[in-house]
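Inspection log for the structure reproduced underneath, given as structure tokens.
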2 protein chains.
Amino acid sequence: MSYSLTSFSKDTFNTALREKGLRPTKQRACVYGVILGKRDHPTADDIYDRVKRHLPGTSFATVYNCLETLVGCGLVKQVNMDRSPTRYCPNLTPHAHFRCTQSGKIYDVEIDNDTLSLIQALVPEGFEAENLDLSFSGTGKPSNN
Amino acid sequence: MSYSLTSFSKDTFNTALREKGLRPTKQRACVYGVILGKRDHPTADDIYDRVKRHLPGTSFATVYNCLETLVGCGLVKQVNMDRSPTRYCPNLTPHAHFRCTQSGKIYDVEIDNDTLSLIQALVPEGFEAENLDLSFSGTGKPSNN
DNA sequence: AAGCTAAATTGGAATTATTCTAATTCCTGA
DNA sequence: TCAGGAATTAGAATAATTCCAATTTAGCTT
Ligand SMILES: [Mn+2]
Ligand SMILES: [Mn+2]
Ligand SMILES: [Zn+2]
Ligand SMILES: [Zn+2]
């Protein structure tokens, strides 16, 4: 059993990989599955732990390889905050991140289109931004455990 | 000779350190000086190279120690883009960064107050943002060498 | 179905930015 | 001047990530 992706996710997954001439392997499906399954912005190490429950033989190198592939296919995004380990996010809409410095938890923060336009307008003449990263840190929900 | 800080910078430096009960050493002054002297967002390694020209005996550990101190005193800011080495910036105004993926150069991008307010307004109810990071990447000035 | 070939996975070593440690040196202020 | 804390130093340690060479697998072709 590779991993129980919904038929919708499975189709997204297969299509995205085939479009790039890559193989939809069980390891890649599993990595994608665990990221979709708990949207908590896991690190590679977190993902490794979760994948091993389903595919015990999986190596750390494979987790990194799969993550690189999934990012390359646009199925997940990397999230870097300061120099802490890279986290992975399946939310493909443009959004920002908030990290609670107490709990370490990371939350998605929506960006409305008007604000997004204004942010993009900050980029000076002659520069072409392909990518933007916006993140906040501070104290999160008071006693949300 | 520690480093030729302007009398204005020297005063800022001495005051900021003394306020925290820390000593304005020649290594700290030199690290601060080279960051002010060429505002190109140098890495710790860049800074080490430049500091050694003025104070040849300086160690790498000291550069890191000084940088941590200067950041702690609010004299310089850390700039992290993806997982590349941390860079340091003496521009204390709220501003964003643009990294040219071709040249690797990093540019300051001003954020006007209106846009800054809208960005801060993205933070949801119940969260308190102490810090915000905004960065762009893409292609920079066409042939600015 | 068997064989072929390129792609993917694997375990372990290598890399690299950064931090830690313990010894030495330096300041400061009594 | 000198005692004691602060800062610096060289080198070891750490940790996330990448690299490597060997093995396995998946998707053809016969
Ligand atoms: Mn773990
Ligand atoms: Mn160098
Ligand atoms: Zn996210
Ligand atoms: Zn800057």
Side-chain angles (χ1 to χ4, degrees), chain A residues 1-3 13-32 34 41-49 51-52 54-73 75-76 78-88 104 106, chain B residues 1-3 13-14 16-34 41-49 51-52 54-73 75-76 78-88 104 106:
Chain A
M1 186 70 41
S2 64
Y3 192 88
F13 172 74
N14 286 331
T15 305
L17 283 164
R18 295 237 177 78
E19 243 164 48
K20 300 245 172 183
L22 300 170
R23 297 175 183 172
T25 64
K26 60 184 193 290
Q27 290 90 345
R28 285 168 177 169
C30 188
V31 168
Y32 185 50
V34 301
H41 300 88
T43 62
D45 189 69
D46 295 332
I47 293 165
Y48 175 66
D49 289 345
V51 164
K52 292 215 104 178
H54 302 277
L55 298 172
T58 308
S59 75
F60 221 131
T62 295
V63 169
Y64 272 104
N65 291 340
C66 291
L67 288 169
E68 185 180 29
T69 300
L70 295 175
V71 169
C73 293
L75 289 168
V76 304
Q78 288 185 314
V79 179
N80 288 293
M81 313 244 344
D82 301 323
R83 298 212 47 85
S84 61
T86 299
R87 292 164 177 278
Y88 295 86
I106 294 190
Chain B
M1 187 70 41
S2 65
Y3 191 88
F13 172 75
N14 286 331
L17 284 163
R18 295 239 178 75
E19 244 164 47
K20 300 243 171 183
L22 300 170
R23 297 176 182 171
T25 65
K26 59 183 192 288
Q27 290 89 344
R28 286 169 176 169
C30 188
V31 167
Y32 185 50
V34 301
H41 300 87
T43 63
D45 189 69
D46 295 332
I47 293 164
Y48 175 65
D49 289 346
V51 165
K52 291 215 105 180
H54 302 276
L55 297 172
T58 308
S59 75
F60 221 130
T62 295
V63 169
Y64 272 105
N65 290 341
C66 291
L67 288 169
E68 185 180 28
T69 300
L70 295 175
V71 169
C73 292
L75 290 169
V76 304
Q78 288 185 314
V79 179
N80 288 293
M81 311 240 354
D82 301 322
R83 302 225 98 247
S84 60
T86 298
R87 291 162 177 277
Y88 296 85
I106 294 189

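All values below come from the heavy atoms of this structure, side chains included, with hydrogens, waters and symmetry mates left out. Every chain is numbered from 1, with letters handed out A, B, ... down the list of sequences.
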Smallest heavy-atom separation, A:His54 atom then A:Cys30 atom, equals CB-SG, 3.7 Å
Q. Any side-chain N or O of B:Thr62 under 4.0 Å from OP1/OP2 of D:dA7?
A. no
CZ (A:Arg83) and OG (B:Ser84) are apart, to the nearest 0.5 Å, by 7.0 Å
task: Under 4.0 Å between any heavy atoms, over every strand shown, what does A:Thr86 touch: base, sugar-phosphate, or nothing? Just pick one.
output: sugar-phosphate
In this structure, CG of B:Leu67 is separated from OG1 of B:Thr62 (nearest 0.5 Å) by 10.5 Å
Checking D:dA7, D:dT8, D:dG27 against the side chain of A:Arg23 (C-beta onward), the nearest is D:dG27
In this structure, CD1 of A:Ile47 is separated from OG1 of A:Thr58 (nearest 0.5 Å) by 12.5 Å
Quick note, A:Tyr64 side chain, CB onward, closest among D:dT17, C:dT18, C:dA8 is D:dT17
From CZ of A:Phe60 across to P of C:dA8 the rounded distance in Å is 21 Å
Here the distance between atom P of C:dT16 and atom CG of B:Asp82, to the nearest Å, is 18 Å
To the nearest 10 degrees, the angle between the two end axes of the helix from C:dA1-D:dT30 to C:dA30-D:dT1 (five pairs per end) comes to 20°
For B:Asn65, the side-chain hydrogen bond (donor to acceptor under 3.5 Å, both in side chains) test, sequence neighbours excluded, returns none
Give one of base, sugar-phosphate or nothing for A:Thr58, where a contact means two heavy atoms less than 4.0 Å apart.
sugar-phosphate
Of the listed D:dG11, C:dT9, C:dC27, the closest approach to the B:Ala61 side chain comes from D:dG11
Here the distance between atom C1' of D:dA26 and atom CG of A:Leu22, to the nearest Å, is 13 Å
When rounded to whole Å, the CE to C1' distance for the pair B:Met81 and C:dA17 reads 17 Å
| Does A:Arg83 make a side-chain N or O approach to OP1 or OP2 of D:dA16 shorter than 4.0 Å? | no
Side-chain contact check for B:Ala44: nearest option of C:dA8, C:dT18, C:dC27 is C:dT18
Is the phosphate of D:dT9 approached by B:Gln27 (side-chain N or O, under 4.0 Å from OP1 or OP2)? yes
From CG of A:Leu17 across to P of D:dT25 the rounded distance in Å is 19 Å
Discussion item. Below the 4.0 Å mark, does D:dT8 have OP1 or OP2 next to a side-chain nitrogen or oxygen of B:Thr25?
Written reply: yes
*Is there a side-chain contact between A:His41 and A:Tyr88 (heavy atoms, below 4.5 Å)?*
no
A:Asn65 atom CG is separated from D:dT24 atom P, nearest whole Å, by 18 Å
Looking only at D:dA6, D:dT9, C:dA17, the nucleotide nearest the B:Ser59 side chain is D:dT9
CZ of B:Phe13 to SG of B:Cys73, rounded to nearest 0.5 Å, is 8.5 Å
Here the distance between atom C1' of D:dT8 and atom NZ of B:Lys52, to the nearest Å, is 13 Å
Is the shortest side-chain heavy-atom distance between A:Phe60 and A:Asp45 below 4.5 Å? yes
note: B:Arg18, atom CZ; D:dA6, atom C1'; distance rounded to Å ~ 15 Å
